[in-house]
Novice: 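Can you keep this structure in mind? I'll have questions shortly.
All chains are named by letter (A, B, ...) in the order of the sequence lines, taking the proteins before the strands, and each is independently numbered beginning at 1. What you see is a predicted model, and the numbers here were worked out from it, not measured in a lab.
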Amino acid sequence: MDIFNAIIQVLDSTIRLSVPLLLACLAGLYSERAGIFDIGLEGKMLVGAFAGAAAASVFHSALIGLGMAVLISVAFALVHGFASITHRGNQIVSGVAINFVAAGSTIILGQAWFQQGGRTPALQPGERFEAIIWPGADAARDVPIIGPIYAELISGHSILVYFAFAMVPFTWWVLFRTRFGLRLRAVGENPAAVDTAGISVAWLRYRALICTGILTGFAGAYLSMVQNGGFVKDMTAGKGYIALAALIFAKWKPVNAMFACLLFGFLDAASIRLQGTPLPIVGKVSVQFMQALPYVLTVILLAGFIGKAIPPRAGGVPYVKER
Amino acid sequence: MSTPYAKLPAWADYGLIPLINLSVAFIVAGFVVMLVGENPFRAAVILVEGAFGKGTGIAFTLFYATTFIFTGLSVAVAAHCGLFNIGTEGQAYIAGLGIAIVCLSFDSTLPWWLTFPLAIVASALVGALWALIPAYLQAKRGSHIVITTIMFNFIAASIMVYLLVGPLKPAGSQAPQTRNFLAGAELPKLNWIIELFGAKIRSAPLNICFLLALAMAFLVWLLIWRTRLGYEMRTYGHSPKAARYAGISETRIIITAMMISGALAGMMALNPVMGDQHNVAIDFVSGAGFVGIAVALMGRLHPVGIVLAAILFGMLYQGGAELAFEMPAISRDMIVIIQGLVILFAGALEHMFRPYIQALFASFSPKSVGMQAVNGKGA
């Protein structure tokens, strides 16, 4: 029974740890499918986390916090769009720039506004998203096997967790079953064809980036308003890059993205859980090895050893309208 | 990538436009300073005074600049070949391992002038090897170099943390770093050069790596503009198709360019490790690799520009430390914002002001922008 409880706990933290990855990964999905590389996911999450926590603690409302997170994150996404769509700048360079501006400005503004060494004030109840206990969760807890699964894994998460997982089928539906999605994918594969059909490539790509901004805003809000009761400097700690890795791992598909994020979340959860405990067969696994595993796996995948990851064809190329 | 823009005179292209882009970056940074509630002009004065006001300040500025020259050159060499090496950070970090092995083995037996060349080779070699795998994957498997080098940054960090909290840490020590090097692995300081000019220096880490960095800048210039290899790299960077048509081996050119880039990144580690801290500690690179991106873009990928841009960033680092002291609201992280803005305006938005400047030039002298052709065919 101990092992069973341990597994449940690891799976529970897997869900919690994979949510920000999932939201960021789906965010990247929209922009990369539209042909805009976005290594600025990290920065957008960070500004989202900061804006969310700051606004929530100033206005004493989790919803206003979430709104601010989304707003600021979208603003950063639009800067990326302005540079890479309107001015046809290098998308990677623009993404790098956004990450730096985000990393610096959240600390400077946080320190100037709240004077807590770059932190925002600890969020009070009501200012953060609370866990939702599903009906009968406490009663079911004692039922063997199913009880803990229901009480720990399914019930007891905040609304953003359910939102993240609901976004997976929704994103699939948008991309593969709507006109907007068809055009969005087309603009990432062959923008000239979309242009010929009389649809604005730039406007479509901007809309894709707005979707990206909204989701990175949610991801940031999750970090600072659910996982942690406030903003801490550099709290994304490379999650934006792991999400990018997950996106490649998922071969730019929404459902795969969920599994990739769950896998990376699981690796993270397991590395925390296994700290210092020896495993059968392999012996003691170092924390650093577990932390490096997502990156190593992605490199192996990119090398073409686990199937081939083919990015959208027009990815990274600014569209120049022919005259 | 073909630029859909007409030509400008060279001085405008290499002088005026970068200057305008840079000014805009600093103006936006000034707004951030205002947002924090401080006076941007006073901040600028403190920054410049802190960097160049005293001999010690100048020495520190040049010490930081040394680091950025290496990383800037590293990014630039790859960029000439059309490759975005975002892995400079990781290549420099892992090169610390090579330096640690050399220094820890020889610092008690050899004098510094023998340890130093060995360490240069070791750092360059380790840095180059760390760039080799992403380069190979790009050349042979077509995996995007940006993504693989980002992944390799994280992998390098994990390996270094593992080694520095484990095997490389001396027994009985708590700090995650190697033991301190002995005199045989300490590089001589260069502060006397500044003292020649009459300035007083208390203690500053400016060391012989500065000269190595300048030498490397010269060698990179030689490589890119005066050798066949450099020509091939630039050809490939301009148009992979043309390079292929000219019979240039894609694999060879990508791998060579990335390994040179990695070697330059690796050498960066010499400066803080052997010149200043005299040990290899966790996170000793602390973002210098990413500063290299800003430096390379600002220097327009030319060694002279890179040295100047590196000194500017050295100034920001040193002056920024003074600024944080005088204006507590503005910490060192202000530099990270400036860095980001420089990358944004000098890199991603480098063409933003071009049409306006072109129009301006065209109204003064149509010839300077090649307007005579326009009457006949479209540009």
Novice: Under the side chain to side chain contact (heavy atoms under 4.5 Å, CB included) rule, what do B:S331 and A:Q111 come out as? Steps first, then yes or no, please.
Specialist: CA-CA 9 Å; B:S331 63; A:Q111 174 61 20; 5.9 Å; no
Novice: Inspect the contact between B:D333 and A:K233 and indicate whether a charged nitrogen and a carboxylate oxygen are less than 4.0 angstrom apart.
Specialist: no
Novice: Would you mind checking which part of A:V79 comes under 4.5 Å of any heavy atom in chain B, side chain (CB onward), backbone (N, CA, C, O), both or neither?
Specialist: side chain
Novice: Using a cut-off of under 4.5 Å on heavy-atom pairs, state which of B:V161, B:I338, B:I293 scores highest against chain A.
Specialist: B:V161
Novice: With distance as the sole criterion, is a donor-acceptor pair present between the side chains of B:S158 and A:Q291 under 3.5 Å?
Specialist: no
Novice: Give, as side chain, backbone, both or neither, the part of A:L293 having an atom under 4.5 angstrom from any heavy atom of chain B.
Specialist: neither
Novice: Given a strict heavy-atom distance threshold of 4.5 Å, which part of A:I92 is in contact with chain B: side chain, backbone, both, or neither?
Specialist: both
Novice: Check whether the side chains of B:N85 and B:S261 place a donor and an acceptor atom closer than 3.5 Å, and report yes or no.
Specialist: yes
Novice: Given the side-chain rings of A:Y241 and A:Y295, with only the six-membered ring counted for Trp, is the space between their centroids under 6.0 Å?
Specialist: no
Novice: Given that the side chain runs from C-beta out, which part of A:T298 has a heavy atom under 4.5 Å from chain B: side chain, backbone, both or neither?
Specialist: side chain
Novice: Select, from B:A348, B:A294, B:P134, the one with the greatest count of heavy-atom pairs under 4.5 Å involving chain A.
Specialist: B:A348
Novice: Which bit of A:F82 is near chain B, if near means a heavy-atom gap under 4.5 Å: side chain, backbone, both or neither?
Specialist: both
Novice: Can you check whether B:G90's main-chain N or O pairs, donor with acceptor, with B:N153's side chain at less than 3.5 Å?
Specialist: yes
Novice: Does any backbone or side-chain atom of B:F152 lie under 4.5 Å from a heavy atom of chain A? Answer side chain, backbone, both or neither.
Specialist: side chain
Novice: Can you say whether B:V36 sits under 4.5 Å from chain A via the side chain, the backbone, both, or neither, judging by heavy atoms?
Specialist: both
Novice: Looking at the rings of B:Y317 and B:F68, which for Trp means the six-membered one, are their centres under 6.0 Å apart?
Specialist: yes
Novice: Let me know if B:I133 has heavy atoms under 4.5 Å from chain A in its side chain, its backbone, both or neither.
Specialist: neither
